[in-house]
Amino acid sequence: CIGSGFSGRIWITLNESGTDSWDSGYWNQTDADGYLWIYYDPGCSPLYKVGNHDWRGGIDFNDTCYKPGNSTDQNLSITGNLKYSLEIPEKGNTTPVGDILYVRYNITDDCGVMVNDTTSIVGFGSPNDEWEYYNVTNEGNGWYNYSWDTSFHMGGWWDIGINSSRNWFYPNSTVWEDWIYLHNTPPIIDEPNVSPSEGPWGGTFVYNVSIWDLQQDNVTCELYVSTDNQTTWTLKNSTVIYWGQGNCELSVSDFNCSD
């Protein structure tokens, strides 16, 4: 053991093991037990890639008592973090239920370098905290995207979540809470008509109206009739238009002289 106070360096490869891409070394002096050590925090300048690396230590060439010499190469590994940047949609986005919602984000490492070929999924959390997940499209340059069909989904504030993993990176799961609002629009009612337009008491009157619901929700169609100049209304008949798109036909046969 050489004792304390001797100058030395520890070198680490910038790239993977076996690449001989050594950094300029970290200088220190041996401690009281003759050990040379450093606190090592992989940084971005110079840039240390994730994965297995070689390292070696030795007496510095500036030491006056010993000739320069290095240890045999040893192994260490660097594990990075995956970080997200959600580009689309922006927070507070309002989308009518039934539209396609486009999601796009990128993944970078600790130094802002794009990370490609991760295993990544995107999820959508409902106002009831029920989640659904989908595989995304990898654009091949650190960007990922997914087109979500919002049909048959409840209205309200939804969360967006991303889960990703890759070799030599810690997995990352991030949630953007109450990020998008799905707007459940009311059905469109059109082309109302009645046949016949007039008739006797006790006769059958058939009422028709066109129903079109963008979300294709089941729509309850109710017929209300007023015989006192719209002062009061009476429910006469009802039906359900399944999938929310179609003709609603309701009949009334109980008009009497008091109407």
Side-chain angles (χ1 to χ4, degrees), residues 1-88 103-123 133-146 160-176:
C1 183
I2 64 174
S4 64
F6 291 93
S7 299
R9 288 177 184 267
I10 292 178
W11 296 269
I12 303 168
T13 55
L14 297 172
N15 298 325
E16 293 83 357
S17 298
T19 59
D20 205 31
S21 57
W22 298 97
D23 62 15
S24 58
Y26 293 82
W27 180 89
N28 204 351
Q29 291 184 325
T30 56
D31 63 14
D33 296 318
Y35 288 101
L36 179 68
W37 53 269
I38 61 170
Y39 288 111
Y40 174 58
D41 182 11
C44 303
S45 182
L47 176 65
Y48 293 86
K49 292 186 177 180
V50 297
N52 286 318
H53 287 253
D54 297 323
W55 71 273
R56 63 176 63 150
I59 294 299
D60 193 67
F61 63 87
N62 289 323
D63 191 271
T64 59
C65 297
Y66 289 91
K67 291 182 179 181
N70 297 329
S71 67
T72 58
D73 291 352
Q74 305 296 317
N75 180 261
L76 65 82
S77 62
I78 298 175
T79 303
N81 294 292
L82 298 173
K83 299 185 176 182
Y84 303 127
S85 177
L86 181 60
E87 179 189 51
I88 302 172
V103 178
R104 188 171 188 255
Y105 59 94
N106 66 46
I107 302 178
T108 59
D109 63 12
D110 302 86
C111 297
V113 177
M114 293 288 195
V115 180
N116 193 32
D117 293 333
T118 68
T119 299
S120 189
I121 59 175
V122 63
Y133 293 93
Y134 302 93
N135 294 321
V136 300
T137 297
N138 181 358
E139 298 181 16
N141 54 3
W143 284 92
Y144 303 79
N145 70 74
Y146 183 75
I160 295 179
I162 299 174
N163 298 328
S164 300
S165 61
R166 193 180 189 274
N167 289 340
W168 298 113
F169 286 91
Y170 296 109
N172 185 352
S173 178
T174 300
V175 174
W176 291 263

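Residues V122 and Y144 are not in side-chain contact: their nearest non-hydrogen atoms beyond the backbone lie 4.5 Å or more apart. Proximity of V103 to L86: side-chain heavy atoms (C-beta onward) are separated by under 4.5 Å at one or more points.
Here the CD-NE2 distance, from E16 to H53, works out to 6.0 Å after rounding to the nearest 0.5 Å. The OH atom of Y170 sits 11.5 Å away from atom CG of L82, with the distance rounded to the nearest 0.5 Å. To the nearest 0.5 Å, atoms OG1 (T19) and CG (D54) are separated by 7.0 Å. Separation of atoms CH2 (W55) and CD1 (I38) is listed at 8.5 Å; rounding is to 0.5 Å. Here the straight-line distance linking atom CG of L76 with atom OH of Y40 works out to 6.0 Å at 0.5 Å rounding. Between the CG atom in N15 and the CG atom in N52 there is a gap of 13.0 Å [rounded to 0.5 Å].
Side-chain atoms of D117 and N138 include a donor-acceptor pair closer than 3.5 Å.
S71 places a side-chain N or O within 3.5 Å of a backbone atom of G57 that can act as its donor or acceptor partner. Of the possible donor and acceptor atoms, one in the side chain of N141 sits under 3.5 Å from a partner among the backbone N and O of W143. Using modelled atom types, one side-chain atom of N116 and one backbone atom of G140 make a donor-acceptor pair closer than 3.5 Å. Proximity of a side-chain donor or acceptor of T30 to a complementary backbone N or O of G5 within less than 3.5 Å is detected. A donor-acceptor pair under 3.5 Å is formed between the side chain of D23 and the backbone N or O of I12.
Smallest separation of non-hydrogen atoms from I107 and S164: CD1-OG, 3.5 Å. Closest heavy-atom contact between Y133 and I121: CD2-CD1, 3.9 Å. Here the closest non-hydrogen pair linking T108 and M114 is CG2-SD, 3.9 Å. The two residues S77 and W168 make their nearest non-hydrogen contact at CB-CZ3, 3.5 Å.
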Quick one: do S120 and Y105 satisfy side-chain contact (heavy atoms from CB on, under 4.5 Å)? Show the steps, please.
CA-CA 11 Å; S120 189; Y105 59 94; 2.6 Å; yes
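Exactly one of D109, V115, D110 qualifies for a side-chain contact (heavy atoms from CB on, under 4.5 Å) with K83. That residue is D110.
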